[in-house]
Number of protein chains: 4
Amino acid sequence: MPLAKLSCPIKKALHAKRERRKEARPGELLDAALDLFVEKGFAATRAEEVAARAGVSKGTLFLYFQSKEELFKAVVRENISGHIRELNAAFDTFEGSAKDMVVQCMQTWWQRVGATKSAGIDKLITSEASNFPELASFYQAEVIEPGQILTRRILQKGIDNGEFRPLDLDYAVFGIIAPMMFLIMTKNSPNAFCSDQIFLNPEKYIAMQIDMLLNGISAIPATSHPIKTSPHEFN
Amino acid sequence: MPLAKLSCPIKKALHAKRERRKEARPGELLDAALDLFVEKGFAATRAEEVAARAGVSKGTLFLYFQSKEELFKAVVRENISGHIRELNAAFDTFEGSAKDMVVQCMQTWWQRVGATKSAGIDKLITSEASNFPELASFYQAEVIEPGQILTRRILQKGIDNGEFRPLDLDYAVFGIIAPMMFLIMTKNSPNAFCSDQIFLNPEKYIAMQIDMLLNGISAIPATSHPIKTSPHEFN
Amino acid sequence: MPLAKLSCPIKKALHAKRERRKEARPGELLDAALDLFVEKGFAATRAEEVAARAGVSKGTLFLYFQSKEELFKAVVRENISGHIRELNAAFDTFEGSAKDMVVQCMQTWWQRVGATKSAGIDKLITSEASNFPELASFYQAEVIEPGQILTRRILQKGIDNGEFRPLDLDYAVFGIIAPMMFLIMTKNSPNAFCSDQIFLNPEKYIAMQIDMLLNGISAIPATSHPIKTSPHEFN
Amino acid sequence: MPLAKLSCPIKKALHAKRERRKEARPGELLDAALDLFVEKGFAATRAEEVAARAGVSKGTLFLYFQSKEELFKAVVRENISGHIRELNAAFDTFEGSAKDMVVQCMQTWWQRVGATKSAGIDKLITSEASNFPELASFYQAEVIEPGQILTRRILQKGIDNGEFRPLDLDYAVFGIIAPMMFLIMTKNSPNAFCSDQIFLNPEKYIAMQIDMLLNGISAIPATSHPIKTSPHEFN
DNA sequence: GATGAATGAGGATTCATTCAT
DNA sequence: CATGAATGAATCCTCATTCAT
């Protein structure tokens, strides 16, 4: 009604914008929800807040998502998507050494996934997995396993061509995965890990982890270093 | 006043046997709370549920803890402070090499902290930190920083005596911390990481991580391995 | 989530017809709250009861008032501020004698304030003041002091023009205020003061009080009547 | 147990004190309850607080009083007692004039009743009457009516002997009662009436009220002063 | 009798969800 | 479709009352 009587161009612009928005609503809601779920957790995020951040009313949220739980699931499903698939495809055509591939894979993953909001999903899942078992298995199938398979392929290639020493791949994959997951956690749990003194620069962190991963920290590395319970035990 | 007016026999039957065990209550409540907080998160855990699991009534919980939040803090204090302090003390009297110390430290930490219920708290914190800023800084001061300092001491010792090559300690510490945090996450987010096929054996995982940490994965490790953006980039 | 799972016809029947009358709600709630607070006191009045009397649900009450205490304050603000201000304004333009003004003021106050539900608030305050210090000072500033100032102005005028004998105004004001407060108390504590036999007619009561106030009860009044401990003491 | 092994005199003293106390308990509880009920109201007073102030445990309170309501009733009944009866008896043997009697009665009542904790009962009743109808009628019968009868007797005597002009006693009694009730209210509702600036001296207040009651405030009192709606009305 | 630990009904408040406009 | 007023189940917490010691 306010704009009803004037048919100046601005009105059309507004309507056009609203039209476009109509299409975009679910996406805006998902974005807002992602932010808030990551920041505050599922339970502590209020539906109204999500709506407000998306610029719509509470009612509209429930127009697009049956419930807060469904919204949560949609957020996860929407964001888990094909990043890993994409990395896998890239691997198929990659020409360099396995070492380069490790470097490339970790750096690229960070740029395309870890540094984006999507990474918040990983944190979300770890927090809420037990309250949403079905989501957890979805995540398992969509992210965890493909990620492990990709990692495994890279390591296998390095072993095959003599770049890497023989490794138990079931466990070695976590040499790559663990530091990246840890980075996500620190990035997405602002108060938990990052005091003022300790603040990670992601690129430097990744570089260092790659360095340690490939070369270890020992000055004179032993190719075979059997770990056993040391004779020097803690009291 | 509630039951005051009916003094029929059924009333007595309604009351569970009232045991008076003032000394034991707080501990039982803390145990119950730890279980539930770890399992479901802070917000999703109802006060009454905690009480029920401890075998007491709602009211009794609030007899010992001013609020649910205070209960949470008490759980944290009870379960995590001291562990790191203990490890630090152990370090002071340790005789072996820095490598042995790394091995020992990671294995001992796992046995004494990581494998226990307490470790669930670490996962909890990452989820709830933003909703409880003061708790987060408490955790920061009590756990994160002491842990980093201990790790740093060990690495420094190894560098000093030539066991380890020179390292940027600010980042190298995460070579030890990250895999352990990752292990906690997987252990305490049962559905998120551990499908039926992929199930970690913690000791084996730790051994492998130590192996990679000390020796890296390269067949012919380069003592200096500058990481740079590879010429072979992903598409 | 509550009713989400049952979508049987009975569900619709459970919902009372939902009327949307945003403008009207606060007023209706304030009226209901006034009634109940006056009748039962602040603490003994349940929020849900107020809502029910206003014809809305519990939740709606908290939509308009942040808390029960805020509701209480709103009731006070709505009902008592302004009355005294109004009387003060009336005084400014009053033409008659001071005596007439006393008469007029007491009668008008009764009609406009004392006889209305608002007066129940005055009684309320005396009961709940100690539990709501900030409310008490609000009341003090908004009602008590302006009331005293008005009373004092009237008496001063009468003294100045020789209608009244010289009086210690700090205390004389209560010659007017006390009987009116007493009237409020009796009117709003139905069981406490008004048995079947003894039932006050307010207008007659006020007339009588005015008569006694202006003329006293002595047959041959002494202009100066120093009160001292009488030689005839009670045993 | 702490004192079990020493049989020094101090132990006996403690026991002796406890013995004596046992008799006094209900009285101490009633005193504590009176204080707290007057100060905070019925609902806002916690049973435990009453017990604590009486120096006993929560359980003990319910040993002597079936419920908080019964405690309240006992407090009222205990304190309403024979003050008025006493004043009535004093009147029977009083020798002085009716004027002296008014003076005496008001001053004595203040000293023996108004200034004591018992007066808190009057405030209590006005606050809680509607929640405790039975108490209200008890109060009515024990306090209000005897008080009015006494007042009436005094006034009647003054009229009979020509000291007072003819009065409608049904209303004139409140010329004496109202200021006293008002005084009680102000004294027992600390925050409601007494700001820093306005603080009543009871004796001075009573003297002034007596002065006004007996003599009025007019400079030239008219024995007959018919109150009617003045031609000068407030706007 | 006295104690105070334990109980649980009750009440304030929140917030996901509904639905009249 | 969009809105936001209205709803009421759910949850934290209090405190009168009970009862084992």
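The structure displayed is predicted, hence computed values, not measured ones. By convention in this document, chain letters (A, B, ...) are assigned in the order of the sequence lines, proteins followed by strands, and residues within each chain are numbered from 1.
Straight-line distance from the CG atom of A:L61 to the P atom of E:dC19: 17 Å, rounded to whole Å. Protein atom CZ of C:F72 is 16 Å distant from nucleotide atom C1' of E:dA12, rounded to whole Å. Atoms CZ (C:R25) and C1' (F:dA5) sit 8 Å apart, rounded to a whole Å. Atom-to-atom, CG of B:L29 to P of F:dC13 comes out at 14 Å; the value is rounded to the nearest Å. Distance, D:E49 CD to F:dT14 P: 14 Å, rounded to whole Å. In this structure, CD of A:E48 is placed 10 Å from C1' of E:dA16, rounded to the nearest angstrom. If you take CD of B:E69 and C1' of F:dT11, they are 15 Å apart, rounded to a whole angstrom. In this entry the distance linking NZ of C:K68 with P of F:dC13 reads 18 Å, nearest Å.
Looking at the side chain of A:F62, the nearest of the listed nucleotides F:dA16, E:dA16, E:dA12 is E:dA16. Of the candidate nucleotides E:dA16, F:dC1, E:dT13, F:dC1 has the atom nearest to the side chain of A:L63. Of the candidates E:dA5, E:dT17, F:dT17, the closest approach to any side-chain atom of B:Y64 belongs to E:dA5.
More than 12 heavy atoms of other residues, nucleotides or ligands sit less than 6.0 Å from atom CD of D:E70. Atom CD of D:Q66 has 12 or fewer neighbouring heavy atoms from other residues, nucleotides or ligands inside a 6.0 Å radius. The 12-atom threshold is not exceeded at CD of A:E48, counting heavy atoms of other residues, nucleotides or ligands nearer than 6.0 Å.
Toward the 5′ end of DNA chain E lies the nearest nucleotide of B:G59, the other residue of the pair B:G59 and A:F42 mapping further downstream. Mapping C:S67 and A:A47 onto DNA chain E by nearest heavy atom places C:S67 closer to the 5' end of the strand.
The phosphate of E:dT14 has neither OP1 nor OP2 within less than 4.0 Å of any side-chain N or O from A:R46. A sub-4.0 Å separation between OP1 or OP2 of E:dT3 and a side-chain N or O of D:T60 is present.
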Secondary-structure notation, DNA chain E, from Watson-Crick and G-U pairs under 3.5 angstrom (| other strand): .||||||||||||||||||||

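Among the heavy atoms of the strands, none lies under 4.0 Å from D:F65.
Under a cutoff of 6.0 Å and an axis angle of 45°, A:K73 and A:F132 do not form a cation-pi pair.
Using a 4.5 Å heavy-atom cutoff, the side chains of D:L36 and D:E49 are in contact.
For E:dT7, the base has no donor-acceptor partner in the side chain of B:K58 [N/O atoms by modelled type, under 3.5 angstrom].
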B:E28/B:R53 under salt bridge (Lys or Arg N to Asp or Glu O under 4.0 Å): CA gap, chis, key distance, verdict: CA-CA 9 Å; B:E28 291 164 0; B:R53 186 173 293 206; over 6 Å; no

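Taking the six-membered ring where the residue is Trp, the centroids of C:F72 and C:F65 are separated by 6.0 Å or more.
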